[in-house]
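Every chain is numbered from 1 and lettered A, B, ... according to where its sequence line falls, protein lines coming before strand lines.
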Amino acid sequence: MATLAPELLKKEKKEKDFSLPPLPLAEKGNVITRFPPEPNGYLHIGHAKAAIIDYEYARLYDGTFILRFDDTNPENALLEFYDAQIQDLRWLGIEWDLEYHTSDHLQTHYKLAEQLIRQKDAYICNCTPEAIKDGRFHAKSCACRNENTGSVGLDLWKQMLASPEINYIVRLRGEMDSDNTAMRDPTLFRVITATHPLTSDNYHVWPTYDFAGAVEDSISGVTHPFRTKEYELRDPVYFHILNLLQLRTPHLMEFSRLSIEGMPVSKRKIKPLIEQGLVSGFDDVRLPTLRGLKRRGLVPEAIKQFVFQQGFSKVESVVDFSLVESVNRKFLDPRVKRYYFVPDPVRLVVADAPKKTVKLPLHPDAAMGNRTLHTASIFYIPRQDMQKMKVGDVFRLKGLYNVKITNIDETIQGSYAGEEIIQESAKIQWTTDETMPLKILVPGLLFKGETFNPESLREMQGYAEKAVARLPAGEIIQFERVGFVRLEKQNNDTVAIFTHK
RNA sequence: GCUCCCGUAGUGUAGUCCGGCCAAUCAUCACGGCCUCUCGAGCCGUAGACUCGGGUUCAAAUCCCGACGGGAGCACCA
């Protein structure tokens, strides 16, 4: 083949697909996956990774994909986030076959709990949290373990269900002497009296993640649940619970969390910044929340591809944002309109300027049409470019004609210097005196190491060409020689958010 | 402290299960060139890595042991 058609070999090598590795124990048509967010906040890039992997595997195997809200802690779940998360997922281009809430199934969970207690595989513990913690640390069990199970346990369980005043917990009879502390009789149910956004005050006994997660995965038919690595120690708990209940055990798998250098995802870090007014909210353009990324001009396809490129090993990685940028740029470049923006403008007067009407292409390659500009003798050009120039230099007003500099002062004086393109001359973007003043917000790294970077959001002031004023908010364009930006309305003003170069 | 997971260029990743075809893949970043009326895209090139130490073997990124480094868990959060 190498001798017959060497070009084929070459091409094969170049095409890199980021398709998912095959799933173990998977058959086409028989794969069910699930994405189980807790409705307690906005989705971020880490959630996106999980959701994309879950969703894409279901698709790859012609399977079923479930969106399940793990809302078993009424203190955390907030009504607004069910919807917000749905919107974020839709934006990502993810579709699900089934949607439900773990809180829909509390009665089932109660029945299973009862079964465990009856089997003496779970017990009611009324020790103090401190005692429990201490016991777990020292691998010592308490008296409740043997006393409050079976029929005695069942009785206490009924009391728990009957009154929120009975503040006991249900614990699994695991292995108190296990090396794995997760197995030292983990909590299965506890009393939480906060009002739940969906079930209101109807329930006050709530399953913990260990119980609810395992049970839901099993009874909803999930075949391949993925979770992040920090749950790995809880795998034995997961399987133990299902085995005791004689429920089907899915094929659990873990992958590492995805984090981006300088862009924290944790609410613990972000919330104080919002409260201090250092970031505008969870949709701040410096944040890796889906909303932040969207505002910044990241497109869902790019996020998806970025996730694929990361793969999903168990290696912890801190990705550089430039990897995200480059993927995004490849999506944006072919389909985004070009305009001129002049940062830090300086006035240019071309004394003998011919009056012209020019059509400038909206894209260098793609057929996107033109915008029309009328020029006279007044222009604005970037100060930075002018600082490199001296009297006598010739540069080109990009797409227009050449100008020879005759004087440099507060303003630049120039003279018309012909139309033909001079290969080695600078081509500089410009506006006429018909401009649109525009501010570009330039996001940087929110954190440098562990400390907040006070210069993480800079501003670039300048003039955009007038046509930009007619573009709809939300449009992403490229300002030539500046970078990609997304336009946004902020109190009746249009501002641009710098996406990346 | 104990337990578990992980360790390939600056960053991310393929390869590790089933040792040889790996003088190690691809991307990104950096640098240089070509192309282009953009500092974008495209094309070409340069630079850059198997954490360390032992062992097994004819042969180790790949298997074994140990160290070191990073992460996680020891919640009535998920």
Side-chain angles (χ1 to χ4, degrees), chain A residues 13-18 21 36-38 40 70-73 75-77 102 125 127-129 132-133 136-139 167-171 178-184 186-192 205-210 212-213 227-236 254 256-261 305-306 308-327 329-330 332-334 336 338-340 360-361 363-366 382 384-385 395-402 419-423 425-429 478-484 500-501:
Chain A
K13 200 186 165 192
K14 265 185 201 158
E15 273 174 27
K16 167 101 182 171
D17 68 346
F18 296 103
E38 183 182 28
N40 70 338
D70 257 343
D71 52 354
T72 55
N73 187 338
E75 283 173 353
N76 292 346
T102 302
C125 186
C127 298
T128 64
I132 292 172
K133 187 177 174 156
R136 200 169 272 138
F137 191 79
H138 293 105
N167 192 15
Y168 302 158
I169 61 171
V170 178
R171 294 177 73 182
S178 171
D179 278 340
N180 180 358
T181 48
M183 277 299 281
R184 325 244 258 227
T187 303
L188 266 24
F189 287 84
R190 77 292 209 202
V191 171
I192 302 174
V205 175
W206 291 93
T208 57
Y209 172 81
D210 278 324
R227 29 150 66 154
T228 45
K229 232 178 79 165
E230 68 264 24
Y231 297 116
E232 234 174 343
L233 276 309
R234 318 206 72 85
D235 286 5
E254 273 93 12
S256 65
R257 268 177 184 269
L258 170 60
S259 51
I260 299 177
E261 178 67 36
Q305 189 172 323
F306 166 70
F308 280 142
Q309 286 183 13
Q310 294 317 300
F312 55 108
S313 64
K314 293 208 260 182
V315 187
E316 299 116 27
S317 50
V318 184
V319 182
D320 201 279
F321 194 69
S322 66
L323 294 179
V324 186
E325 289 181 357
S326 95
V327 179
R329 188 154 43 225
K330 278 165 190 128
L332 255 30
D333 192 80
V336 135
R338 313 292 145 121
Y339 289 95
Y340 290 163
L360 297 175
H363 194 281
D365 318 307
Q384 208 190 18
D385 284 308
F395 67 90
R396 184 173 184 83
L397 293 169
K398 195 172 179 309
L400 227 208
Y401 51 68
N402 304 317
E419 307 255 324
E420 68 295 344
I421 290 164
I422 304 165
Q423 219 40 253
S425 85
K427 284 89 184 177
I428 293 169
Q429 81 276 26
Q478 189 205 44
F479 283 135
E480 294 196 41
R481 307 210 310 142
V482 177
F484 295 91
H500 48 62
K501 260 219 143 47

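- Between B/C4 and B/C17, the distance separating the two P atoms is 22 Å to the nearest Å.
- Rounded to whole Å, the P atom of B/C68 lies 32 Å from the corresponding atom of B/C76.
- Spacing of C1' atoms, B/G53 relative to B/A72, comes out at 27 Å, to the nearest Å.
- A distance-only check finds no donor-acceptor pair linking the side chain of A/Arg227 to the backbone of A/Glu232 [under 3.5 Å].
- Across all strands, A/Asp333 comes closer than 4.0 Å to base atoms (heavy-atom distances).
- A distance of about 13 Å separates the C1' atoms of B/C50 and B/U13, rounded to the whole Å.
- Looking at A/Ser322 and A/Asp320, their side chains do bring a donor and an acceptor atom within 3.5 Å of each other.
- A salt bridge does not link A/Glu254 to A/Lys314: none of the charged nitrogens lies less than 4.0 Å from a carboxylate oxygen.
- Within 4.0 Å (heavy atoms only), A/Val318 reaches sugar-phosphate atoms of the nucleic acid but no base atom.
- Nucleic acid contact class of A/Ser178 (heavy atoms, under 4.0 Å, all strands): none.
- Here, B/G69 and B/C44 have their P atoms 43 Å apart, quoted to the whole Å.
- Taking atom P on both B/U16 and B/C22, the two are 13 Å apart, rounded to the nearest angstrom.
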Contact state string [nucleotides 71-76 of chain B, B base, S sugar-phosphate only, - no protein heavy atom under 4.0 Å]: SSSSSB
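- Although no hydrogens or angles enter the test, the distance criterion places a donor-acceptor pair under 3.5 Å between the side chain of A/Asn402 and the main chain of A/Glu420.
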Test side-chain contact (heavy atoms from CB on, under 4.5 Å) on A/Tyr340 and A/Glu480 and set out the steps. CA-CA 6 Å; A/Tyr340 290 163; A/Glu480 294 196 41; 3.9 Å; yes
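- Side-chain atoms of A/Lys314 lie closest to B/C5 of the nucleotides B/G12, B/C37, B/C5.
- B/A61 and B/G1: their C1' atoms are spaced 33 Å apart (whole Å).
- When both distances must be under 3.5 Å, the Watson-Crick or G-U wobble mate of B/C37 does not exist.
- Between A/Arg329 and A/Val482, the residue anchored nearer the 5' end of RNA chain B, judged by the nucleotide with its closest heavy atom, is A/Val482.
- The number of heavy-atom neighbours closer than 6.0 Å to CD of A/Gln384, taken from other residues, nucleotides and ligands shown, is 12 or below.
- Using atom P as the reference point in both B/A24 and B/U46, the two lie 13 Å apart (nearest Å).
- Under a 3.5 Å cut-off, the side chain of A/Arg184 and the backbone N or O of A/Phe137 do form a donor-acceptor pair.
- In the interface, the side chain of A/Glu325 is not paired with the base of B/U28 through any donor and acceptor atom under 3.5 Å apart.
- In this structure, A/Pro37 reaches neither bases nor backbone, as no heavy-atom distance under 4.0 Å exists between it and the strands shown.
- Of the two residues contacting RNA chain B, namely A/Asp210 and A/Gln384, the nearest-nucleotide position lying further toward the 5' end is that of A/Gln384.
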